Amino acid sequence: MEIRDIRAVLFDMDGTLVDSDAAVERAWTVWSAEYGVPAADVLAIAHGSPAESTVDRICPDLPAGERAAAAVRQLELQYDDLSDVTATPGAHEVLRVLERLGLPWAIVTSADDRLAKLRLAVAGIAPPVLVTVEDISRGKPDPEGYLHAASLLGVPPQHCLVVEDAPVGLAAGRAAGAVTAGLKGLPADIELADLHQLAALLTASSAENSSGLEAG
């Protein structure tokens with residue numbers, strides 16, 4: 001599958017379209033202190049995963065009800081911490097390119113609906129399709145979220161490009177059968193330095209397609 005064959009783009013949110021890494025780390029660090037667990041252990045597995053999944057892995061001995069409450073507490077710590085949340089470099093550029101090319105796109109995030117909408121509003125991003133952890137029964141690395149987004153866009157997953165900055169998200173994209181693009185040095189079908197590079201790749205691919213049609 002070549003990038004010219006891509007018919008839709010599915011983005012992760014935190015760390016991909018929205019720079020919220022510092023806020024995420026602050027929230028998990030505070031949460032770790034409250035629950036008496038090493039922050040380093042939590043941060044090593046938390047990025048890209050739903051809060052519930054991280055809590056289940058860190059505190060497996062807690063009763064189910066207490067684990068659910070712990071996940072709610074972690075999200076509460078993030079709702080009001082928006083001071084340095086912003087769009088990532090190249091985010092608005094690549095979205096403008098998609099609009100110009102007429103390619104549909106969606107966001108698939110491990111955040112809940114409230115947190116996703118808060119961060120996206122601060123970053124100035126309004127997705128046509130938003131899939132949060134509340135819309136699915138199994139979060140990343142399960143492919144359900146990306147399969148659901150592809151279905152909502154009406155595009156087969158194998159013709160979708162999944163853009164991620166976390167191993168669990170890339171695993172979800174691969175399991176969905178999509179082409180993957182990895183940020184932050186992560187191995188993927190396409191490895192990106194930033195979203196400026198993705199915008200350039202999509203623009204170049206579109207130009208090549210146009211040239212091929214003219215030549216034909």
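On a predicted model such as this, the values are computed, not experimentally measured, just so you know.
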Item to complete: Let me see the working for R119 and Q78 under side chain to side chain donor-acceptor pair (under 3.5 Å), right down to the final yes or no.
Response: CA-CA 10 Å; R119 285 184 175 158; Q78 298 190 59; 2.5 Å; yes

Discussion item. For the residue pair D12 / Y146, report whether a side-chain donor-acceptor contact shorter than 3.5 Å exists.
Written reply: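 Looking only at side-chain atoms, D12 and Y146 do not form any donor-acceptor pair under 3.5 Å.
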
Discussion item. Test side chain to side chain contact (heavy atoms under 4.5 Å, CB included) on T86 and V122; report intermediate values, then the result.
Written reply: CA-CA 6 Å; T86 186; V122 170; over 6 Å; no

Any side-chain heavy atom of [X] sitting closer than 4.5 Å to one from [Y]?
X	Y	value
L161	W105	no
V129	I107	no
T16	T88	no
D165	L170	no
L118	D80	no

Fill in: CG-CG distance between D14 and D19, expressed to the nearest 0.5 angstrom
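Going from the CG atom of D14 to the CG atom of D19 covers 9.5 Å.
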
Worksheet entry | Straight-line distance of L75 CG to R114 CZ, nearest 0.5 Å |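 The distance works out to 9.5 Å.
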
Worksheet entry | Under 3.5 Å donor-acceptor, T29 side chain and E25 backbone |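 It does hold such a pair.
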
Worksheet item: Hey, mind stepping through E34 and R73 against salt bridge (Lys or Arg N to Asp or Glu O under 4.0 Å) and telling me if it holds?
Response: CA-CA 10 Å; E34 291 181 357; R73 171 57 180 157; 2.6 Å; yes

Item to complete: Tell me whether V37 is reachable from W28 by hopping between hydrophobic residues (I, L, V, M, F, W, Y) whose side-chain heavy atoms are closer than 4.5 Å.
Response: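 Yes, same cluster.
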
Please tabulate, one pair per line, all N/O donor-acceptor pairs under 3.5 Å involving side-chain atoms of residues 90-102, not counting sequence neighbours.
from, atom 1, to, atom 2, distance (Å)
H92, NE2, A123, O, 3.0
E93, OE1, H196, ND1, 2.4
R100, NH2, T203, OG1, 3.3

Fill in: Heavy-atom pair of closest approach, residues G154 and R7
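That closest heavy-atom pairing would be O-NH2, 4.5 Å.
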
Worksheet item: By side-chain hydrogen bond (donor to acceptor under 3.5 Å, both in side chains), which residues pair with D21, not counting sequence neighbours?
Response: K184

Discussion item. For Y35, give me all partners under ring pair (Phe, Tyr, Trp, His ring centres under 6.0 Å), at least two apart in sequence or on another chain.
Written reply: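 Once residues adjacent in sequence are excluded, the partners of Y35 under the ring pair (Phe, Tyr, Trp, His ring centres under 6.0 Å) criterion are W31.
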
Practice prompt. Tell me, with the steps shown, if E164 and T180 meet side chain to side chain donor-acceptor pair (under 3.5 Å).
Written response: CA-CA 8 Å; E164 274 276 0; T180 58; over 6 Å; no

